[in-house]
Amino acid sequence: MPDPITRVRIAPSPTGPLHIGTARTALFNYLHARHVGGTFILRLEDTDVTRSTLEFEKDILDGLHWLGLAWDEGPEVAGEPARGPHAPYRQMERLPTYAAAAQRLLADGLAYPCYCTPEELDADRKAQEAARQPPRYVGRCAKLTPEERLAREAEGRRGALRFRVGEGLVAFDDIVRGHVEFDVSNLGGDFVIVRADGNPLYHFTVVVDDAAMEVTDVIRGEDHLSNTPKHILLFRALGYDVPRFAHLPLILNPDRTKMSKRKSQTAIDAYINEGFIPEALVNYLALLGWSTGTEEEVLSLDEIVERFDIGEVHKGGAVFDRERLEWLNGQWIRRLSADDLIDRLRPFIGKELDAGLIEQMPSDEELRALLPVIQERLPTLGAIGDLAGFLWVADVDPDPAVLVPKRWDAPTTIEGLGAARATIATVGDVVFEADELEPPLRALAEARGWKAGDLFMAIRVAVTGRTATPPLFDTLVALGRDRTLARLDRAIAVLAGS
RNA sequence: GCCGCAUUCGUCUAGAGGCCCAGGACACCGCCCUCUCAAGGCGGAGAUCACCGGUUCGAAUCCGGUAUGCGGUACCA
């Protein structure tokens, strides 16, 4: 049943690169919006001007686009104007809206200017701590008379705006957590909603904007659960409808603390650069804190949208398990079409080239021929260099120590490689195919009383420089007859000279 | 400290009173396949369902308490 009324939003702060937790919150908002046929909004919360940058904004927008989480309203391109009926969608461009709301609260006596200095507030806090009291604003400026305020303003002091918290209980029914209640007296006293410099603070802007943008469902991280009563109080004071809330379980470090840059890789960028693909990341993130209730695990974004139900989201935090992400990435890489995989591999091969790890770019045809043997061997796109880089360099220089198979000695290896070279040389260019190479080399091993595996391993190391590679005969074909022979010669020389 | 939230295999989870001496997946181990590495197939090990009480003929599932963990407690978001 499509619900055109539902409106949700992701509201990142451009104070850092796109974080995995933000991506997950964005995903769950997207899933819910798409599942019920609602609207998904992107709003930038850039009121922390000292830490917000255009560069981070770009990183966040690019990352969300990369994940495929298209939004219906909000800025499409970093730095560019937003589209949507409630534009602008950057908070620093919405200052007049907050000023008007603040003015209303002030006029209604629901907020008041506070002239306390940081030193005073600090002293209060220390005293409370010493008395083993919970920290809270003492209310020094709550009852200032108009004359007293004027006097302070005359001294040139600029007040911050504090919201009167009042007393009583605030309760709400969280979609994932159920009924939650807070006693207002535990909120820490009247809190600041506008800084002395005139810039509004998060708790205030989030409420003003969610109301202005007609957000019906606030889906966000559990770290905001304790802030929710403050928001509800503000919604009420401003005469707005209170939206529904859904607080998502946190993504955790292995030690079960909130996932952090310090202990985990949190930047989506880093995963992109390693060669994780969006299908896998989306699939993995959706399964952190939610499941279909069936045994289905590998699901596309559209399949997840179909099955998603915000009410089935878990309450407990979930440790980020990179191994499982890698497994899913492999699953999704294996499902890619040849053309698609080639396109996605190109930038990663390019990076190998730029880094000087390889010397030439393979052609599409060359890559396509390789796909059957590399596709199932790629845990990430970034693994391509390790897997096949030896194909795109002029020469490899195998370590003599690894060139000699475990059961062989150096002279046997020289003999084996020499014999293999002669055998391979008899296979002409026209018929240089895996099926043409394997039988004669097996026959050679048998005739000499060698284990085929030993002979093959010696050849493998000689032509690739490594012990783990795609299947040998496909590798030789990819290398081509001339380079295969040249590398065998070189390996023999290396062994003979060592 | 205060307030809030949470707690099923190492990890992600299934489970909404009997179908559960708890199922699946990742990781791990073994076997098969096999020229290496993967992938794939098969199998194994792994959870007294945090603990203690209660309700009930019967509890992972309901209730109470305890413990532990986490989150919040800013003129950060």
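The shown structure was predicted, so the numbers you read here are calculated from the model rather than taken from an experiment. A, B, ... follow the sequence lines: proteins, then strands. Residue 1 opens every chain.
When the side-chain nitrogen and oxygen atoms of A:H314 are compared with OP1 and OP2 of B:rU8, none of them lie within a distance under 4.0 Å. Contact check, A:S226 against B:rU73: no side-chain N or O comes under 4.0 Å of OP1 or OP2.
In this structure, A:E155 places its CD atom where more than 12 heavy-atom neighbours from other residues, nucleotides or ligands lie under 6.0 Å away. Counting non-hydrogen atoms of other residues, nucleotides and ligands closer than 6.0 Å to CD of A:E55 gives a total of 12 or fewer.
If you check B:rA59 for Watson-Crick or wobble pairing at under 3.5 angstrom, you find it has no partner at all.
When each of A:L287 and A:L201 is assigned the nucleotide of RNA chain B with its nearest heavy atom, A:L287 is the one assigned upstream, toward the 5' end. Nucleotides of RNA chain B nearest to A:L472 and A:S13 differ in position, and the one nearer the 5' end is that of A:L472.
Side-chain atoms of A:D223 stay outside donor-acceptor range of the base of B:rA77, with no qualifying N/O pair under 3.5 Å. Looking at A:R256, its side chain has no donor and acceptor atom pair within 3.5 Å of the base of B:rC70.
Within 4.0 Å of A:R177, counting heavy atoms only, lie sugar-phosphate atoms of the nucleic acid but no base atom. Counting any heavy atom pair closer than 4.0 Å across all strands shown, A:E296 reaches no nucleic acid atom. Note on A:G188: nothing from the nucleic acid sits closer than 4.0 angstrom, heavy atoms only. Heavy atoms of A:A160 sit under 4.0 angstrom from at least one base atom. Within the 4.0 angstrom heavy-atom criterion, no nucleotide atom of any strand lies near A:V461. In this structure, A:L121 reaches the bases: a heavy-atom distance under 4.0 Å links it to at least one base atom across the strands shown.
You'll find that the side chain of A:L288 is closest to B:rC12, out of B:rC2, B:rC35, B:rC12. Among B:rC75, B:rU73, B:rG4, the nucleotide with an atom closest to any side-chain atom of A:R162 is B:rC75. Among the nucleotides B:rC5, B:rA25, B:rG1, the one closest to any side-chain atom of A:E297 is B:rA25. Listed nucleotides: B:rC2, B:rA77, B:rG4. Nearest to the side chain of A:E222: B:rG4. In the set B:rG1, B:rU36, B:rU7, B:rG1 carries the atom at the smallest distance from any side-chain atom of A:R132. Nearest nucleotide to the side chain of A:R195, out of B:rC35, B:rC75, B:rA39: B:rC75. When the nucleotides B:rC5, B:rG71, B:rG24 are ranked by their closest atom to the side chain of A:E295, B:rG24 comes out on top.
Geometrically, A:R322 does not engage A:F320 in a cation-pi contact, judged by NZ or CZ lying under 6.0 Å from the ring centre and within 45° of the ring axis.
If you check the side chains of A:Y202 and A:N227, you find no donor sitting under 3.5 Å from an acceptor. A:D209 and A:T205 are not linked by any side-chain donor-acceptor pair at a separation below 3.5 angstrom, with hydrogens and angles left out of the test.
Spacing of C1' atoms, B:rG41 relative to B:rU55, comes out at 48 Å, to the nearest Å.
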